[in-house]
Amino acid sequence: MAVGYNPQQIEGKWQRRWAEDKLYQVTEDDTRRKWYALTMFPYTSGDLHIGHWYAMVPADVHARFKRMQGCNVLHPMGFDAFGLPAENAAIKRGIHPFTWTMQNIANMRRQLKSIGAIYDWSREVITCLPEYYKWTQWFFLKLYEAGLAYRDKAPVNWCANCQTVLANEQVVNGFCERCGTVVTRRDLAQWFFRITRYADELRQHDGLDWPERIKIMQRNWVGKSLGAEIAFSLDHPGVSEKEIRVFTTRPDTVFGVTFMVLAPEHPLLAKLVAPERRAEVEAYIERSRRRTDIERLATEREKEGMFVGAYVVNPLNGEKVPIWTADYVLMSYGTGAVMGVPAHDERDFAFAKKYSLPIPVVIAPPGWQGEELKEAYTEPGVMVNSGRFNGLSSESGIAAVCDYLEEKGWGKRAVSYRLRDWLISRQRYWGAPIPIVYCERCGIVPVPESSLPVLLPENAEFKPTGESPLKYCPEFVNTTCPRCSAPARRETDTMDTFMCSSWYFLRYASPDYEAAPFEADKLDYWLPVDLYTGGAEHAVMHLFYARFFVKALRDMGLVSFGEPFQRLFNQGVIIVERQKMSKSRGNVINPDEYVAELGADAVRAYLMFVAPWEQGGEWDDSGLSGISRWLNRLWHLVLEGYDPGEAVGAEARAEAERALARITHQTTRKVTGDLERIRFNVMISALMEFTNYLAKVKEAGSVGKDAWAGSIRTLLLLLAPTAPHLAEELWQRLGYDYSIHNQRWPEWDEALAKDEEVTLVLQVNGKLRDRITVPVSIIEEEAKELARGSKKVQLYLEDKRIIREIYVPGKLLNIVVK
RNA sequence: GCCGAAGUGGCGGAAGUGGUAGACGCGACAGUCUCAAAAACUGUUGGAGAGCAAUCUCCGUGUCGGUUCGAGUCCGACCUUCGGCACCA
């Protein structure tokens with residue numbers, strides 16, 4: 001009897017050996033196909049919980065598989081280290097964000113090493129270190145030079161009591177999470193990136209192997225609409241603007257306009273408000289400033305608005321149109337003004353009903369007899385009550401109205417996007433400082449590249465209230481102008497952390513390079529990423545920003561590719577007691593104790609098995625012990641020795657060996673395919689079935705020693721990516737050469753994997769009546785004959801007439817009778 | 001609210017293109033071993049019903065309807081749960 005499986009004794013040993021041998025360190029190698037397998041790097045929150053393992057382990061298994069297939073695999077790891085929680089810890093517990101972050105990294109690195117992954121730790125990147133954020137700042141300068149960075153006013157969440165800017169997360173139902181004060185919007189000058197310049201390209205995913213749903217989400221995020229901009233003329237005493245432009249996707253409905261709505265933030269609003277309405281309208285604007293965009297756009301909420309007391313004129317029919325303001329119109333979309341066509345837009349309909357505005361029909365629904373509409377008709381139709389355009393279909397009407405607008409100079413065809421420019425300014429300490437200086441004489445001056453990095457001052461004060469600590473740090477703020485050397489002030493905002501994560505995958509190619517963010521030939525070798533894995537919560541923001549970054553760099557000539565991630569895969573979430581893990585619920589599963597008890601290999605295999613990776617599943621201790629039992633059985637199966645039974649005849653032995661070869665080759669084929677297609681849970685099932693089959697073979701002693709050894713060897717190779725320590729140990733104990741992880745992935749032979757017999761299902765009228773075992777080579781006529789010979793089938797054919805027979809080779813025969 | 005997913009035994013899940021529903025595992029039950037228990041091993045296990053029995057019949061993939069010889073899979077409507085919504089990352 002072999003000594004039992006004891007993961008504690010083997011896992012640490014092999015991890016040390018692999019590290020000593022630098023088994024997983026990689027360099028560029030033109031003789032092998034490169035494979036860049038990237039997992040989204042973790043935020044430095046403190047502890048690695050089982051959810052992190054769920055992101056890392058299957059990705060590592062796949063990377064190991066590619067490595068055994070002969071690829072030169074880069075599988076790096078690093079830390080997303082700037083961000084709000086570090087600053088909160090500073091305020092709450094008086095610990096410096098740098099200290100807090102680096103302590104967390106030390107702990108997380110230790111935990112990550114216990115996974116037994118093939119991370120090349122010599123390439124680790126940490127975004128909060130000056131060596132890294134120097135280049136984050138450098139990219140800001142490049143984008144600024146390229147005209148992709150600009151300054152503009154934008155609202156922030158403002159708590160008047162704390163005198164501070166709040167993240168959306170810190171606003172709970174419109175109140176400050178700390179002090180309960182009502183949160184308002186406040187306009188600040190902030191930095192933006194012109195991501196909208198790339199809107200059209202970002203909608204395209206040509207040649208990318210991405211989940212369809214993510215591509216759809218990104219396209220919807222861009223939200224491209226074709227339509228027209230129409231100028232309604234304005235003649236208001238004391239206002240110089242002579243028109244208000246609206247964007248509409250339905251220029252064919254322009255004759256049905258009965259009101260215009262301006263966003264509460266619209267710059268003309270204040271100038272147009274009639275004196276007797278001013279108080280009311282201003283109160284309304286104030287109220288809407290407290291609402292989030294989500295609330296404002298909710299179609300279920302009752303539409304509320306205010307008449308401004310001014311009018312514009314519809315250029316197409318000369319009608320006077322009252323101007324309203326309502327917060328369902330956003331300043332960030334289109335022109336911040338919409339034309340109200342109640343008959344043909346649901347929101348406008350509800351609005352007009354509430355305020356008793358007329359609802360003239362200008363697009364006739366099918367069979368319309370001139371009656372009033374009970375609800376908005378938003379489908380295309382035939383234009384009516386539309387002057388010269390009457391009788392046109394919506395489709396040709398849109399073109400005709402656009403032509404007419406352009407001819408008269410009243411408007412033009414236009415495209416509008418839901419996508420907004422990327423606001424990167426954060427009024428916080430723990431981020432990369434924006435490398436800009438404000439000089440009274442020269443204005444906005446970028447910090448020269450040679451002066452990078454703009455270091456974060458270490459001695460900033462973390463008051464529980466106030467703005468960015470950088471504002472109160474004179475030695476940081478006060479500087480001299482790089483251009484004219486006059487006294488100047490530094491920008492005190494730091495950059496959005498999405499900025500750090502928009503290029504980290506480039507840094508892994510040459511993490512220590514000092515002359516530039518990356519070394520060109522190494523970048524050319526490794527990039528783009530072949531398989532990027534991470535949570536679906538990043539479907540739009542992180543993935544979108546990273547794509548924008550790479551496209552901008554390509555246009556600057558810095559990189560030669562336009563897409564960072566060739567294949568994308570999103571894993572699901574591990575839940576506990578049907579709930580998402582969170583510190584506040586107190587249901588966070590720490591993997592350390594499970595690793596100590598059952599071993600990293602068992603935890604790895606369990607996470608692979610628990611559910612389809614993209615779906616996620618429930619953490620369950622007893623499921624884990626089931627996996628542990630399997631690995632234990634496998635250990636004994638391999639080490640206990642094998643005795644071929646003496647009583648087995650030569651013919652039976654040959655037959656048993658043929659069967660074993662068939663199962664071995666079928667398993668190899670299945671496991672390979674499942675790894676390729678990222679279907680890890682069924683891959684583990686296949687390995688379990690293979691183990692069970694081998695256990696039966698062993699009990700019977702039905703095959704020869706060589707056949708047995710060959711199948712065991714294949715089993716270990718197939719197991720190696722999932723349970724790397726166990727496979728290495730068994731490999732060594734069987735006397736094979738170190739290391740199993742340098743072996744070639746097994747191949748299969750289709751001829752040997754082929755089944756000799758199949759089960760043919762016999763149905764009558766689609767109901768299963770019998771099954772028969774037939775040779776795979778059976779032809780249709782033979783199958784039909786066998787079916788008629790089946791007593792069970794005959795029972796259902798009595799007194800019936802056969803109408804049809806449907807034969808699916810190798811699957812079934814369905815006899816349709818009457 | 002809008003956008004995007006997912007609903008299959010007591011539980012996690014399996015069934016690449018419509019063709020044996022419930023693989024594999026957990027749990028439960030029974031047995032072997034033991035003074036006993038744990039561990040391990042063996043067997044049974046979707047529900048209802050019939051039969052001494054091998055076995056047989058019917059019902060079953062969130063709900064309702066449709067297409068088809070045949071639907072977990074395709075189509076339509078609805079219900080529930082989950083992810084994102086631009087300063088959590």
query = How is the base pairing of RNA chain B summarised as a dot-bracket string, given the Watson-Crick and G-U wobble criteria with both distances under 3.5 Å, [ ] for crossing and | for another strand?
reply = (((((((..(((......[....)))((((((.......))))))(((((....)))))..(((((..]....))))))))))))....
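- Distances shown here put every side-chain N or O of A:Arg633 at or beyond 4.0 Å from the OP1 or OP2 atom of B:rU42.
- Using a 4.0 Å heavy-atom criterion, one finds that A:Phe498 contacts the bases of the nucleic acid, with or without backbone contacts as well.
- The cationic atom of A:Arg629 (NZ for Lys, CZ for Arg) does not lie both less than 6.0 Å from the six-membered ring centre of A:Trp635 and within 45° of the ring axis.
- Between the CE atom of A:Met499 and the C1' atom of B:rA86 there is a distance of 17 Å, given to the nearest Å.
- Under 4.0 angstrom from either OP1 or OP2 of B:rG25 there lies at least one side-chain N or O belonging to A:Asn692.
- Atom CD1 of A:Ile126 is separated from atom P of B:rA89 by 18 Å (rounded to the nearest Å).
- For residues 416-434 of chain A, every residue pair satisfying the salt bridge (charged side-chain N to carboxylate O under 4.0 Å, His left out) rule, not counting sequence neighbours, is listed here: A:Asp293-A:Arg420, A:Arg426-A:Asp496.
- No engagement by A:Ile803 is indicated, since no non-hydrogen atom pair under 4.0 Å with the nucleic acid exists.
- Counting any heavy atom pair closer than 4.0 Å across all strands shown, A:Leu768 reaches sugar-phosphate atoms only and no base atom.
- Summarising the geometry, the separation between CG on A:Leu634 and P on B:rC24 is reported as 17 Å, rounded to the nearest angstrom.
- Ring-centre distance between A:Tyr545 and A:Phe498: below the 6.0 Å cut-off.
- Anti is the glycosidic conformation of B:rG4, whose angle departs from 0 by more than 90°.
- A:Met541 comes within 4.0 angstrom of a nucleotide base, judged by non-hydrogen atoms across all strands.
- Looking at heavy-atom distances under 4.0 Å, A:Val540 makes contact with sugar-phosphate atoms alone, never a base.
- In terms of phosphate contacts, A:Tyr417 brings no side-chain nitrogen or oxygen within less than 4.0 Å of OP1 or OP2 of B:rA86.
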Table of protein N/O atoms under 3.5 Å from nucleotides 7-13 of chain B N/O atoms:
from	atom 1	to	atom 2	distance (Å)
B:rG12	O2'	A:Val610	O	2.5
B:rG13	OP1	A:Gln615	NE2	2.7
B:rG13	O3'	A:Asn681	ND2	3.2

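- If you check every strand for non-hydrogen atoms under 4.0 Å, A:Glu212 touches nothing.
- For the OP1/OP2 pair of B:rG27 and a distance below 4.0 Å, the side-chain nitrogens and oxygens of A:Arg629 include at least one atom meeting the criterion.
- The side chain of A:Lys767 places an N or O atom within less than 4.0 Å of a non-bridging phosphate oxygen (OP1 or OP2) of B:rC59.
- Between the side chain of A:Gln190 and the base of B:rC87, a donor-acceptor pair under 3.5 Å is found.
- A:Lys792 comes within 4.0 angstrom of sugar-phosphate atoms only, judged by non-hydrogen atoms across all strands, and of no base.
- The nearest whole Å value for the distance from the CH2 atom in A:Trp630 to the P atom in B:rC41 is 14 Å.
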ask   = Would A:Trp613 and A:Gln615 count as a side-chain hydrogen bond (donor to acceptor under 3.5 Å, both in side chains) if you check the C-alpha gap in whole Å, the side-chain angles of each, and the deciding distance to 0.1 Å?
value = CA-CA 5 Å; A:Trp613 198 28; A:Gln615 187 185 306; over 6 Å; no
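- For the pair A:Lys696 and A:Glu699, the salt-bridge criterion is not met [side-chain N within less than 4.0 Å of a carboxylate O].
- A straight line from CH2 of A:Trp221 to C1' of B:rA86 spans 4 Å, rounded to a whole angstrom.
- Under a cutoff of 6.0 Å and an axis angle of 45°, A:Arg194 and A:Tyr150 form a cation-pi pair.
- Nucleotides B:rA38 and B:rA28 place their P atoms 11 Å apart, quoted to the nearest Å.
- Distances shorter than 4.0 Å separate none of the side-chain N or O atoms of A:Arg213 from OP1 or OP2 on B:rA5.
- Every pair passing side-chain hydrogen bond (donor to acceptor under 3.5 Å, both in side chains) that includes a residue from residues 601-612 of chain A is listed here, sequence neighbours excluded: A:Asp60-A:Arg604, A:Asp601-A:His725.
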Nucleotide N/O to protein N/O under 3.5 Å, stretch nucleotides 66-75 of chain B:
from	atom 1	to	atom 2	distance (Å)
B:rC69	OP1	A:Arg804	NH1	3.2
B:rC69	O2	A:Asn814	ND2	2.3

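- Annotation: cation-pi pair A:Arg769/A:Tyr796 present, NZ/CZ under 6.0 Å from the ring centroid and within 45° of its normal.
- Using a 4.0 Å heavy-atom cutoff across all strands shown, A:Leu84 reaches sugar-phosphate atoms only and no base atom.
- Note on A:His542: nothing from the nucleic acid sits closer than 4.0 angstrom, heavy atoms only.
- In this structure, A:Lys354 does not pair ionically with A:Glu304, as no charged nitrogen and carboxylate oxygen lie closer than 4.0 Å.
- With rounding to whole Å, A:Tyr807 atom OH is found 18 Å from B:rG18 atom C1'.
- Counting non-hydrogen atoms under 4.0 angstrom, A:Arg418 reaches a base of the nucleic acid.
- Taking the C1' atom of each, B:rA86 and B:rU68 are spaced 47 Å apart, rounded to whole Å.
- Looking at A:Lys153 and A:Glu265, no side-chain N of the basic residue comes within less than 4.0 Å of a carboxylate O on the acidic one, giving no salt bridge.
- Residue-level contact check: A:Val171 touches neither bases nor backbone, having no heavy atom under 4.0 Å from any strand.
- Applying the salt bridge (charged side-chain N to carboxylate O under 4.0 Å, His left out) test to residues at least two apart or on different chains, the pairs with a partner in residues 801-818 of chain A are A:Lys784-A:Glu805, A:Arg788-A:Glu805.
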